[in-house]
**Q** 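Pasting a structure below so you can have a look.
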Amino acid sequence: MTALPERTDKKLGLVIDLDTCVGCHACVVACKGWNTENYGAPLSDQHAYGATPSGTFLNRVHAYEVQPDRGPAQTVHFPKSCLHCDDAPCVTVCPTGASYKRVEDGIVLVNEDDCIGCGLCAWACPYGARELDRAAGVMKKCTLCVDRIYNENLPEEDRTPACVRTCPAGARHFGDLGDPDSAVSQLVMDREGVDLMPELVTKPVNKYLPPRPKDDLDQIDVLSPFLQPVAEPAKGIAGWLDRVLEKI
Amino acid sequence: MHPAPSVIVFTTLSGLGFGLLTFLGLGLPAVTGWVAFVFYLVAYLFAVGGLVASTFHLGNPKNAPKAFTQWRTSWLSREAICAVAALVLMGLFALGAVFFGGGWQPLGYIGALMSLATVFTTSMIYAQLKTVPRWNHWLTSALFLSLALGGGALLAGQVWAAMVLLVLAGGMQLAAWAGGDKRFRQRGHTLETATMLPGGTVRQFEPPHTGSNYLLDEMVYVVGRKHARKLRIIAMLLMVVVPVLVLFFTVDASAALTHLAVLVAVLSHLVGVACARWLFFAEAEHVVGLYYGKR
C-alpha cells in the first residue's frame, strides 16, 4: 500500500560527514557492485565503453565549492543517495503500490514485480534519489542494503550498507535515527546535522553533518618581519619610468 | 522536464477526447443514430488514442493493471480509474444514442462528470508535485480543465460555448505562464538550501559523473528562453486566437461553411495545444537541477 505508515518502529538511515568525506567515490563503486550482484534487477550501464557512457547509480558523489565573503573557497564532497524520508513524496504517488515505506525500520523500497516504470516517483523526489534503470525498465533506489544489514550469512561487521562498510574515511555512519541514544543520533546532536532542502518538509531520516569551519592561522614565524623585503626598487629605464609616472 | 512525445500526445488528445465526451454526455448536442456514431468515434479515438500513447513511456507496461489499486493516495491511479469509468459509462450512453434513439440522460450526466474528473486527475498528477514549482499550483488544473472544455465545445460544435471557454483557457494559460516564471524563485529553492552548506556562496565544482544520467535527461531539460517566447506566441495564436476569430466570423454563415470553419478551428487548436503542452514540460524546472548546478 502506498499510504505512508503513521510511524515506524525504527528509523534506519545514514549520517554523512561532509567534513570527513574525501570524495574518493569508493561508496559509489561499492554500492553499484553490491546492488548489481544482489537484490533486484542489476544496475545497468549504457554505452559503457562508447562516446556517451551513462548508467544507473543509487549513490552519486557531487562536489561543491563554498566561497565565503572573505578568505579562500572550500571544496566539499557531497555523497547523495535516498534519504528514506518520513514523509516520502515518492511513495504516495506510486499508482501500483510498488513503492512502500517499511513499518519495522522505515526503509523505503520498490517492489520491482509491481513497478510499471512510469517514473512519477522519480519526479516526486526532490533529491534525485531514484533512477529508472534503462535496461530493466523498473525504478531503482537505495535499499539501505536491506539484504546485508539483516543477513546472518555475513560476518557481523559486514552487516552494514556496502557504502558504509567500504568508506575509507569513516565519513558514513549507519544506525537507528529514531533512537535518541544511538551513536548516529548522538553524532547528529553533537555536530548539528541538517536535513537537505528542509523547505519541502520531506522529513529525511538521513542527516548531513556540515563541514567544520576552517581555522585561520596567524603569522607563525616571529622572525619574518625582520627579513629583507624580496622586492627591490626598479633600476634603469623601468626605474626612471616608475619615478616619472609616480610624479604625474 | 523532458518533453516526452508520448506524454504530450497523451495529454493533448485525451484532454480533447474527454472534453468532447463531457459535452456529449450533457446532451450538447443531443445526437442519435449515425451522427452520434461519428461524434462518439471521434471522442473515443482522441481519448483512447491518448491513453494508449501514455503507455509508451512506461518502462514495464505489463504491470499496468496494478495501477488501479492505489486510488487512496495516487493521482495516477485515480486517473486510471476515472478514465476507465468514464469510457465505460459513456460507451453505454453512446450505445443508447446510436442504436436506441438516446434518452438515457442520467447515465450521460454521470459519464460527463467522470470525463471531467479524468481531466482533473490528469492535471493533479502534475499539480501535486512540489518538486516542480511551475506546476505545483491550482492554475495547472484550471488550465487543463478549461482547455479540455474549450476543445470539447469546439469538437461538439457548441460555437458560443467554445469561444467563451477558449478565451477563458487563454487567460488561464497567460496566468500560468506569468505565475510559473516566478514561482521557483518565490519558493526559495537554491543550491544553498539543497546542500545546506554553511559559510558562503555555493556553486557546483564538479558533477558526480562526466556523462549524463537518467536524472539529467528526464528532469533537467533546458529550453532556450528566446525560442520559448516565440513558441508561447505561436501556441497562444493557434490554440485560442485563430479558433475564436474563425468561429466568430462564421457564426452566421451557411452550414457547409460553418463545418469547414470548425474543422479549421479544431486543427489549429490541436496544434496550438500540442505546442503549449510541449512548453508545459520543457519549461518546467525540477528542483533536482539545483544539485547539478543547472537552475
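By convention in this document, chain letters (A, B, ...) are assigned in the order of the sequence lines, proteins followed by strands, and residues within each chain are numbered from 1.
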**Q** Can you tell which part of A/V61 gets under 4.5 Å to a heavy atom of chain B, answering side chain, backbone, both or neither?
**A**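 The backbone, not the side chain.
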**Q** Given a strict heavy-atom distance threshold of 4.5 Å, which part of A/D195 is in contact with chain B: side chain, backbone, both, or neither?
**A**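 Contact with chain B is through the backbone of A/D195 alone.
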**Q** For chain A, which residues from residues 117-126 of chain B lie under 4.5 Å away (heavy-atom distances)?
**A**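 Answer by number: B/I125, B/Y126.
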**Q** Between atom CG of A/L14 and atom CG of A/L144, what is the distance when rounded to the nearest 0.5 Å?
**A**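 Answer for the CG-CG pair, A/L14 versus A/L144, is 5.0 Å.
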**Q** Does any non-hydrogen side-chain atom of A/F57 lie less than 4.5 Å from one of B/Y214?
**A**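 Result no, sub-4.5 Å side-chain heavy-atom pair not found.
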**Q** Under a 4.5 Å heavy-atom cut-off, does chain A meet the side chain of B/H209, its backbone, both or neither?
**A**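 Just the side chain, heavy atoms under 4.5 Å.
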**Q** For the candidates A/H62, A/Q46, A/Q67, A/M139, which exhibits the highest count of non-hydrogen atom pairs separated by less than 4.5 Å from chain B?
**A**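 The candidate making the most pairs under 4.5 Å is A/H62.
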**Q** Can a donor-acceptor pair be found between the side chains of B/T12 and B/R277 at a distance below 3.5 Å?
**A**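 B/R277 and B/T12 do not have a side-chain donor-acceptor pair below 3.5 Å.
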**Q** Please determine, by modelled atom types, if A/Y127 and A/N206 share a side-chain donor-acceptor pair under 3.5 angstrom.
**A**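 Looking only at side-chain atoms, A/N206 and A/Y127 do not form any donor-acceptor pair under 3.5 Å.
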**Q** In this structure, which one of A/E104, A/R102, A/K101 forms a side-chain contact (heavy atoms from CB on, under 4.5 Å) with A/P5?
**A**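 Among A/E104, A/R102, A/K101, the one that satisfies the side-chain contact (heavy atoms from CB on, under 4.5 Å) with A/P5 is A/K101.
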**Q** Heavy-atom pairs under 4.5 Å with chain B - which of A/P53, A/C94, A/A136 has more of them than the others?
**A**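 The residue among A/P53, A/C94, A/A136 with the greatest pair count is A/C94.
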**Q** Which one of B/P207, B/G211, B/G200 has the most heavy-atom pairs closer than 4.5 Å to chain A?
**A**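 Looking at each option in turn, the highest pair count goes to B/G200.
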**Q** Between A/D114, A/D113, A/T52, which has the largest tally of heavy atom pairs under 4.5 Å with chain B?
**A**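 Most heavy-atom pairs under 4.5 Å with chain B: A/D114.
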**Q** Just checking B/F205: does its CZ atom have more than 12 heavy atoms from other residues, nucleotides or ligands closer to it than 6.0 angstrom?
**A**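 For B/F205, atom CZ is not crowded (no more than 12 foreign heavy atoms under 6.0 Å).
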**Q** Side chain, backbone, both or neither: which part of A/R130 has a heavy atom under 4.5 Å from chain B?
**A**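 Just its backbone gets close to chain B.
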**Q** Quick one: pull up CZ in A/R60 and OH in B/Y292 and give me the separation to the nearest 0.5 Å.
**A**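 That separation rounds to 5.0 Å.
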**Q** Chain A contacts: which residues in residues 175-196 of chain B have a non-hydrogen atom closer than 4.5 Å to it?
**A**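 Answer by number: B/R187, B/G188, B/H189, B/L191, B/T193, B/A194, B/T195, B/M196.
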**Q** Measure from the side-chain N and O atoms of A/N35 to the backbone N and O of A/C142, and report whether any donor-acceptor pair falls under 3.5 Å.
**A**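 Between the backbone of A/C142 and the side chain of A/N35 there is no qualifying donor-acceptor contact (under 3.5 Å).
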**Q** Heavy atoms only, distances under 4.5 angstrom: which of B/K130, B/R203, B/E218, B/M1 has the most pairs with chain A? Name it, please.
**A**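 So the answer, after comparing B/K130, B/R203, B/E218, B/M1, is B/R203.
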**Q** Heavy-atom pairs under 4.5 Å with chain B - which of A/G23, A/G55, A/C125 has more of them than the others?
**A**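 Ranked by heavy-atom pairs under 4.5 Å with chain B, first place is A/C125.
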**Q** Based on non-hydrogen pairs under 4.5 Å, which of B/S54, B/A64, B/S77 is most in contact with chain A?
**A**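 The residue among B/S54, B/A64, B/S77 with the greatest pair count is B/S77.
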**Q** Looking at every non-hydrogen atom in both residues, tell me the closest pair between A/N59 and A/C163 and how far apart they are.
**A**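 Nearest heavy atoms, A/N59 then A/C163: ND2-CB, 4.4 Å.
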**Q** I need the minimum non-hydrogen distance between A/V108 and A/C85, along with the two atoms involved.
**A**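 Result for this residue pair: CG2-O, 4.3 Å.
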**Q** B/L58 versus chain A, heavy atoms under 4.5 Å apart: side chain, backbone, both or neither?
**A**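 B/L58 touches chain A through backbone and side-chain heavy atoms alike.
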**Q** Might you point out which heavy atoms bring B/A43 and B/L21 nearest each other, and give the distance in Å?
**A**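 Of all heavy-atom pairs spanning B/A43 and B/L21, the closest is CB-CD2, 3.6 Å.
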**Q** Is NZ or CZ of B/R134 both nearer than 6.0 Å to the six-membered ring centre of B/F280 and within 45° of the ring axis?
**A**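 No, B/R134 and B/F280 do not form such a contact.
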**Q** Can the ring centroids of A/F78 and A/Y208 be said to lie less than 6.0 angstrom from one another?
**A**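 That pair passes the under 6.0 Å test.
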**Q** Measure A/H77 against the heavy atoms of chain B and call it side chain, backbone, both or neither at under 4.5 Å.
**A**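 Contact with chain B involves no heavy atom of A/H77 at all.
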**Q** Sort out for me which of A/G137, A/P89, A/A63 touches chain B most, counting heavy-atom pairs under 4.5 Å.
**A**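 If we count pairs closer than 4.5 Å to chain B, A/A63 comes out on top.
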**Q** When you measure from the side chain of A/S182 to the backbone N and O of A/S185, does any donor-acceptor pair fall under 3.5 Å?
**A**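 Yes, A/S182 side chain to A/S185 backbone: donor-acceptor pair under 3.5 Å.
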**Q** For the residue pair A/E112 and A/Y39, what are the closest heavy atoms and their distance?
**A**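 Minimum heavy-atom separation between A/E112 and A/Y39: OE2-CE2, 4.4 Å.
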**Q** Name the member of B/V288, B/V287, B/T201 that forms the most heavy-atom pairs with chain A at distances under 4.5 Å.
**A**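 Looking at each option in turn, the highest pair count goes to B/T201.
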**Q** Please check this pair: side chain of A/D133 against backbone of A/K140, looking for a donor-acceptor N/O pair closer than 3.5 Å.
**A**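 No; judged by distance alone, with no hydrogens or angles, the pair does not exist.
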**Q** Please identify, among B/T55, B/V132, B/D217, B/T210, the residue contributing the most non-hydrogen atom pairs under 4.5 Å to chain A.
**A**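 Sorted descending by pairs with chain A, the first entry is B/D217.
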**Q** So, the side chain of A/K32 versus the backbone of A/T56: is there a donor-acceptor pair under 3.5 Å, distance only?
**A**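 Indeed, once roles are kept as given, a pair shorter than 3.5 Å links the two residues.
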**Q** At a heavy-atom separation under 4.5 Å, does A/V66 approach chain B through its side chain, its backbone, both, or neither?
**A**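 Interface part for A/V66: both.
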**Q** Under the 3.5 angstrom rule, does the side chain of A/D9 hit a backbone N or O of A/D105 as a donor-acceptor pair?
**A**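 Side chain of A/D9 to backbone of A/D105: no pair is present.
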**Q** Quick check on A/C118 against chain B: is it the side chain, the backbone, both or neither that has a heavy atom closer than 4.5 Å?
**A**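 Backbone plus side chain of A/C118, per the 4.5 Å heavy-atom cut-off to chain B.
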**Q** Heavy-atom count check: over 12 atoms from other residues, nucleotides or ligands less than 6.0 Å from A/D69 CG?
**A**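 No, because the 6.0 Å sphere around CG of A/D69 holds 12 heavy atoms or fewer from other groups.
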**Q** When only pairs under 4.5 Å are counted, which of A/A51, A/P210, A/A122, A/P79 shares the most heavy-atom pairs with chain B?
**A**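 Most pairs with chain B among the choices: A/A122.
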**Q** Examine whether an atom of A/E131 lies under 4.5 Å from a heavy atom of chain B, and if so say whether it belongs to the side chain, the backbone or both; otherwise answer neither.
**A**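 It is both, since atoms from each part get that close.
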